[in-house]
Amino acid sequence: MIRLFDFCFALAGLLFGFPVFILLYLIGLFDTGSPLFFQTRVGRQQKPFTLVKFRTMRKDTASVASHLANANAITPYGAFLRKTKLDELPQLWNVLLGDMSLVGPRPGLFNQPELLQWREKMGVFEVRPGITGLSQISEIDMSTPELLAKTDRQMIDSMTVARYFSYILQTVTGKGQGDRIK
């Protein structure tokens, strides 16, 4: 049931959001010269997939978790995208492909061993990673791997259709700020 919601909402978001995507893409061309950001992330069953987002940092920024990145790497346009969460829109493609869900644990990087260990221990890799979820709206980021994995597990264990829509609604209305930047 959730996969059907994911597919339908991702398809609708991509179709109806296409003019917004084009506008953001064009502005991004002027901002960094490379408006899309591709990064290998840890997916369901720990399988790698390529996550796509609008670029918010300079092109020469190291590929590390956001909480380890330098705040000076974020462009002014990138700060706007992050604040409005518009940088996440291209992930609808990942949802459409089945790599992600709209709601689930945020996908980590393979260079985050502590997070990977906690998530494996807590069985978080049983589900698709998501664009938003309990950790995101609770402002728990990847800088606290144990708490993040436990909160992800709590969300997985208590997931209902009502909670799925609640997490999406809370995200769209501005709850949660994403990963902290140092």
Please name the pair of heavy atoms, one in F110 and one in L116, separated by the smallest distance, quoted to 0.1 Å.
-> O-CD1, 3.6 Å
Over all atoms of both residues, closest heavy-atom pair of L96 and F7 = CD1-CE1, 3.4 Å
Derivation of the side chain to side chain donor-acceptor pair (under 3.5 Å) call for D6 and Y164 = CA-CA 10 Å; D6 282 343; Y164 171 89; 2.6 Å; yes
Identify whether [X] and [Y] are in the same connected component of the hydrophobic contact network (ILVMFWY, side-chain heavy atoms under 4.5 Å).
X	Y	value
V95	F49	yes
V20	F30	no
L109	F125	no
L4	F165	no
Y167	F9	yes

To the nearest 0.5 angstrom, please state how far the [atom1] atom of [X] sits from the [atom2] atom of [Y].
X	Y	atom1	atom2	answer
L29	L24	CG	CG	11.5 Å
L97	T50	CG	OG1	10.0 Å
S34	R55	OG	CZ	4.0 Å
R82	T75	CZ	OG1	9.5 Å
Q170	I137	CD	CD1	3.5 Å

Flag the pair [X] / [Y] as yes when at least one side-chain heavy-atom distance between them is below 4.5 Å, and no otherwise.
X	Y	value
L134	Q154	yes
M155	V103	yes
Q136	T171	no
L23	P19	no
D152	M122	no
L92	F21	yes
Q91	L51	yes
S101	I2	yes

Worked check of side chain to side chain contact (heavy atoms under 4.5 Å, CB included) between W118 and K150 = CA-CA 8 Å; W118 274 106; K150 287 179 178 179; 4.2 Å; yes
Between M100 and I131, is a side chain to side chain contact (heavy atoms under 4.5 Å, CB included) present by the stated rule, with each step listed?
-> CA-CA 7 Å; M100 293 179 70; I131 296 175; 3.9 Å; yes
Examine distances only and state if a side-chain atom of [X] and a backbone atom of [Y] form a donor-acceptor pair shorter than 3.5 Å.
X	Y	value
Q117	E114	no
R119	V124	no
T144	L147	no
R41	P107	yes
T84	F80	yes

Do R106 and E88 pass the salt bridge (Lys or Arg N to Asp or Glu O under 4.0 Å) test, and can you show the C-alpha distance, the side-chain angles, and the key distance before you say yes or no?
-> CA-CA 11 Å; R106 285 295 292 155; E88 310 281 350; 3.5 Å; yes
Taking the six-membered ring where the residue is Trp, are the ring centres of Y25 and F54 under 6.0 Å apart?
-> no
Which is it for T132 and L102 under the side chain to side chain contact (heavy atoms under 4.5 Å, CB included) test, yes or no, and what are the steps along the way?
-> CA-CA 6 Å; T132 192; L102 291 175; 5.8 Å; no
T32/R58 under side chain to side chain contact (heavy atoms under 4.5 Å, CB included): CA gap, chis, key distance, verdict = CA-CA 6 Å; T32 63; R58 292 188 317 266; 5.9 Å; no
List the steps and the verdict of side chain to side chain donor-acceptor pair (under 3.5 Å) for D87 and T56.
-> CA-CA 7 Å; D87 63 317; T56 61; 5.0 Å; no
Salt bridge or not for R44 and E126, using N-O below 4.0 Å?
-> no
Is it true that R128 and D99 make a salt bridge, defined as a side-chain N closer than 4.0 Å to a carboxylate O?
-> no
